2 protein chains.
Amino acid sequence: MIRRTPQQPRERGIPDATVARLPLYLRALNGLAERAVATVSSEDLAVAAGVNSAKLRKDLSHLGSYGTRGVGYDVQYLIYQISRELGLTQDWAVAIVGVGNLGRALANYGGFVSRGFRVAGLLDADPEVVGDHIAGLVVEHSDELESVIAKRGVSIVVIATPATAAQAVCDRVIASGVTSILNFAPVVLTVPAGVDVRKVDLSIELQILAFHEQRKVNGGPAVVDEIMGEEWAGEVS
Amino acid sequence: MIRRTPQQPRERGIPDATVARLPLYLRALNGLAERAVATVSSEDLAVAAGVNSAKLRKDLSHLGSYGTRGVGYDVQYLIYQISRELGLTQDWAVAIVGVGNLGRALANYGGFVSRGFRVAGLLDADPEVVGDHIAGLVVEHSDELESVIAKRGVSIVVIATPATAAQAVCDRVIASGVTSILNFAPVVLTVPAGVDVRKVDLSIELQILAFHEQRKVNGGPAVVDEIMGEEWAGEVS
DNA sequence: TCGACTTTGTGCATCACTTCACAAAGGCAC
DNA sequence: GTGCCTTTGTGAAGTGATGCACAAAGTCGA
Ligand SMILES: NC(=O)c1ccc[n+]([C@@H]2O[C@H](COP(=O)([O-])OP(=O)(O)OC[C@H]3O[C@@H](n4cnc5c(N)ncnc54)[C@H](O)[C@@H]3O)[C@@H](O)[C@H]2O)c1
Ligand SMILES: NC(=O)c1ccc[n+]([C@@H]2O[C@H](COP(=O)([O-])OP(=O)(O)OC[C@H]3O[C@@H](n4cnc5c(N)ncnc54)[C@H](O)[C@@H]3O)[C@@H](O)[C@H]2O)c1
């Protein structure tokens with residue numbers, strides 16, 4: 001019983017930056033709901049979500065005018081509206097390809113099953129791994145990728161294979177009609193227009209931290225004396 | 001033998017957006033280096049890193065003038081310069097707090113040890129887990145957090161505990177002098193100024209994908225007929 | 001019913017980042 | 001040398017996000 005909203009005047013063009021924050025607001029709202037809070041002001045919600053309150057109000061205004069001046073926002077109603085906007089009122093079948101260290105952790109993770117995401121398939125190329133029972137599922141051979149996607153209506157695929165296999169897996173997944181991919185492998189995936197790839201890259205996050213850490217400690221980049229500093233000195237102006 | 005660079009004219013104020021892309025360039029460059037490529041044009045490197053070439057050139061120009069007109073950039077030299085800028089010429093001791101599904105996957109992950117990051121401690125509060133051998137390390141009790149940080153010179157901490165424990169762990173870690181934190185727990189950490197927190201949140205990534213997926217399938221958010229749509233209709237204008 | 005008070009929603013100035021487009025720089029062939 | 005060709009480095013314009021500040025809207029107590 002899900003159908004398209006008849007005619008919604010706004011709807012078009014919610015900024016990406018806003019979309020990226022909606023899950024944050026949703027989490028904060030769920031926290032409030034658990035503590036039986038009925039309404040919340042933009043100021044309080046902003047603090048809970050760690051953002052500026054004007055930004056929060058502007059973000060929410062993209063969804064519609066759901067607040068009450070002088071009072072704030074109804075927590076339950078806002079949860080519903082944000083969930084609906086994010087597409088969490090329906091559930092999404094997710095397949096995880098590559099059931100190694102990371103794939104297992106993801107499969108066992110309760111955190112996304114809780115919100116509309118259902119792990120509908122675990123696939124791996126290694127015969128040793130195929131057949132393992134993880135989180136109530138049996139790992140299937142990645143040869144079955146296309147049929148698993150088709151049969152179980154998978155619309156989001158998580159890639160947790162080694163970097164070398166990621167592009168090939170990605171190509172097959174797209175050929176099967178999937179257009180939303182979450183990639184953990186440290187490679188830039190090449191995909192046709194219309195396919196969304198989001199990446200999670202731990203190593204990049206650490207490197208960004210290291211950059212700032214270095215500035216805090218030293219005030220800036222260091223040179224390694226007489227090891228490389230001199231060596232390179234001649235090569236460039 | 002590491003010391004501060006004498007007087008660097010630029011150095012100050014590399015835009016955050018640029019810093020976030022440097023690891024990407026570095027990875028692409030390492031790929032080229034493995035294939036023994038000596039020089040690369042901004043165009044080719046941009047394709048490998050999945051960005052616009054003008055953006056790449058502007059990013060690199062923040063580090064200095066390291067290209068040669070008509071030729072491109074020396075791969076090895078650029079690897080060195082970016083590594084130095086990111087602080088990867090020194091190595092960083094990392095501690096992982098919370099050795100559950102995710103913490104184990106991280107500990108076993110070879111990907112960051114390879115680039116200047118060394119896992120120097122694994123800590124958990126669960127006596128069942130303490131004493132486990134993982135990736136050549138023994139899991140220690142989280143009571144030892146402060147002493148592990150001090151003794152092993154830990155400067156970056158990865159938090160992989162349940163959300164409920166994250167803020168407490170964070171506070172202790174900061175009290176021990178750490179100012180760089182990578183947080184996997186789905187909570188907004190409150191930290192004093194001067195402390196950098198980066199977060200990785202799988203659930204947020206999936207929700208963003210779901211948002212776009214919904215738009216592709218339906219053209220926009222759906223209403224759930226007669227279940228909630230009607231129910232809420234009365235509550236708001 | 002009214003007026004004081006709270007809080008939203010948004011116009012606007014500002015800031016940050018992106019992209020275009022091209023002059024200047026340098027290599028290389030002859 | 002000299003001139004052509006490639007590619008960098010960067011002004012300048014464009015795009016999008018941010019945050020201030022406030023009028024308008026609505027609540028609530030008296
Ligand atoms: N473990 C981490 O903490 C971590 C962190 C960041 C990034 N990553 C990245 O995530 C990916 C997975 O990491 P991991 O530690 O789980 O590695 P892993 O080696 O433990 O697991 C990879 C799994 O993928 C399977 N596989 C290989 N080729 C396949 C294919 N073509 N189709 C299906 N399955 C295939 C392997 O059999 C293996 O089970 C890697 O790209 C890694 O760089 C891991
Ligand atoms: N597993 C995933 O794929 C995944 C994905 C995204 C986010 N997360 C988040 O990462 C965190 C860890 O996830 P997980 O699946 O590994 O959970 P987990 O329950 O398997 O592991 C958590 C570990 O933290 C330990 N711990 C609890 N309190 C502690 C404390 N005060 N000090 C030190 N250690 C403590 C526990 O003993 C346990 O070993 C959670 O916050 C989770 O929401 C996990």
Side-chain angles (χ1 to χ4, degrees), chain A residues 8-22 24-25 28-29 32 37-75 77-78 81-82 85 208 211-212 234-237, chain B residues 9-22 24-25 28-29 32 37-75 77-78 81-82 85 208 211 234-237:
Chain A
Q8 206 132 347
R10 51 195 73 262
E11 178 165 24
R12 286 306 121 205
I14 296 181
D16 285 349
T18 294
V19 173
R21 283 187 294 267
L22 291 179
L24 220 57
Y25 303 152
L29 285 164
L32 294 169
V37 176
T39 63
V40 65
S41 69
S42 63
E43 187 55 41
D44 291 351
L45 184 54
V47 169
V51 303
N52 176 298
S53 71
K55 181 153 58 179
L56 180 129
R57 286 197 298 278
K58 187 152 287 181
D59 284 344
L60 294 183
S61 77
H62 287 111
L63 312 189
S65 204
Y66 297 143
T68 306
R69 287 160 195 245
V71 176
Y73 300 88
D74 181 285
V75 172
Y77 185 61
L78 198 51
Q81 287 299 341
I82 294 179
E85 195 66 45
I208 295 170
F211 171 84
H212 293 293
E235 286 207 13
V236 171
S237 61
Chain B
R10 53 194 72 263
E11 178 165 20
R12 285 308 120 204
I14 295 182
D16 286 347
T18 295
V19 173
R21 283 187 296 267
L22 291 179
L24 220 57
Y25 304 152
L29 286 164
L32 293 168
V37 177
T39 63
V40 65
S41 69
S42 63
E43 187 55 41
D44 291 351
L45 183 54
V47 169
V51 302
N52 177 299
S53 72
K55 181 152 59 179
L56 178 127
R57 285 198 298 279
K58 187 148 286 183
D59 283 344
L60 295 183
S61 76
H62 290 292
L63 312 189
S65 204
Y66 297 143
T68 305
R69 288 160 196 245
V71 176
Y73 300 87
D74 181 284
V75 172
Y77 184 62
L78 198 51
Q81 287 299 341
I82 294 179
E85 195 66 46
I208 295 171
F211 171 85
E235 288 207 13
V236 171
S237 62

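Source: prediction; values computed, not measured. Residue numbers start from 1 in every chain, and the chains themselves are labelled A, B, ... in the order their sequence lines are given, proteins ahead of strands.
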Is A54(B) touching bases, backbone alone, or none of the nucleic acid, heavy atoms closer than 4.0 Å?
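Since a base atom lies under 4.0 Å of A54(B), the category is base.
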
Tell me the interatomic distance from [X], atom [atom1], to [N], atom [atom2], rounded to whole angstroms.
X: I14(A); N: dA17(D); atom1: CD1; atom2: C1'; result: 15 Å
X: D59(A); N: dG19(D); atom1: CG; atom2: P; result: 11 Å
X: K55(B); N: dT10(D); atom1: NZ; atom2: P; result: 18 Å
X: H62(A); N: dT8(C); atom1: NE2; atom2: C1'; result: 15 Å
X: D16(B); N: dG16(D); atom1: CG; atom2: C1'; result: 17 Å
X: L60(A); N: dT8(C); atom1: CG; atom2: P; result: 9 Å
X: R21(A); N: dT18(D); atom1: CZ; atom2: C1'; result: 9 Å

Closest non-hydrogen atom pair between [X] and [Y], with its separation:
X: Y25(A); Y: A49(A); answer: CD2-CB, 3.7 Å
X: L56(B); Y: V51(B); answer: CB-CG2, 4.2 Å
X: E85(A); Y: L22(A); answer: CG-CD1, 4.4 Å
X: S53(B); Y: A46(B); answer: CA-CB, 3.5 Å
X: S42(B); Y: Y73(B); answer: CB-CE1, 4.0 Å
X: I14(A); Y: V19(A); answer: CG2-CG2, 3.7 Å

Anything under 3.5 Å between a protein N or O and an N or O of nucleotides 13-15 of chain C, put it in a table, one pair a line.
none

Are [X] and [Y] close enough that some pair of their side-chain heavy atoms sits under 4.5 Å apart?
X: L45(A); Y: L32(A); value: yes
X: I82(B); Y: L60(B); value: yes
X: D44(A); Y: V37(A); value: no

Roughly how far, to the nearest 0.5 Å, is [atom2] of [Y] from [atom1] of [X]?
X: Y77(A); Y: Y66(A); atom1: OH; atom2: OH; value: 5.0 Å
X: Q81(A); Y: L29(A); atom1: CD; atom2: CG; value: 12.0 Å
X: T18(B); Y: L63(B); atom1: OG1; atom2: CG; value: 8.0 Å

Check nucleotides 12-15 of chain D for protein N or O atoms closer than 3.5 Å to its own N or O atoms and list the pairs.
{"unit_1": "dA12(D)", "atom_1": "N6", "unit_2": "K58(B)", "atom_2": "NZ", "d": "3.0"}

Q) Quick one: on DNA chain D, does P15(A) or V40(B) contact a more 5' nucleotide (nearest heavy atom)? A)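 With P15(A) and V40(B) compared, the 5'-side residue is V40(B).
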
Is any side-chain nitrogen or oxygen of S65(B) closer than 4.0 Å to OP1 or OP2 of dG9(D)?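 For dG9(D), OP1 or OP2 has a side-chain N or O of S65(B) closer than 4.0 Å.
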
For dT6(D) and Y73(B) - does any side-chain N or O of the residue sit under 4.0 Å from the phosphate oxygens OP1/OP2?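 No, no such contact exists.
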
What residues from residues 42-52 of chain B pass a heavy-atom cutoff of under 4.0 Å to DNA chain C?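 Within residues 42-52 of chain B, the residues near DNA chain C are N52(B).
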
Nucleotide N/O of nucleotides 22-29 of chain D paired with protein N/O under 3.5 Å:
{"unit_1": "dA24(D)", "atom_1": "N3", "unit_2": "R69(A)", "atom_2": "NH1", "d": "2.8"}
{"unit_1": "dA25(D)", "atom_1": "O4'", "unit_2": "R69(A)", "atom_2": "NH1", "d": "3.4"}

Q | Results of salt bridge (charged side-chain N to carboxylate O under 4.0 Å, His left out) for R57(A) - residues two or more places apart only | A |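 Counting only residues at least two positions away or on another chain, R57(A) forms no salt bridge (charged side-chain N to carboxylate O under 4.0 Å, His left out).
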
Report the residues that fulfil side chain to side chain contact (heavy atoms under 4.5 Å, CB included) with N52(A), sequence neighbours left out, ordered by chain and then residue number.
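Checked N52(A) against side chain to side chain contact (heavy atoms under 4.5 Å, CB included); matches are A54(A), K55(A).
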
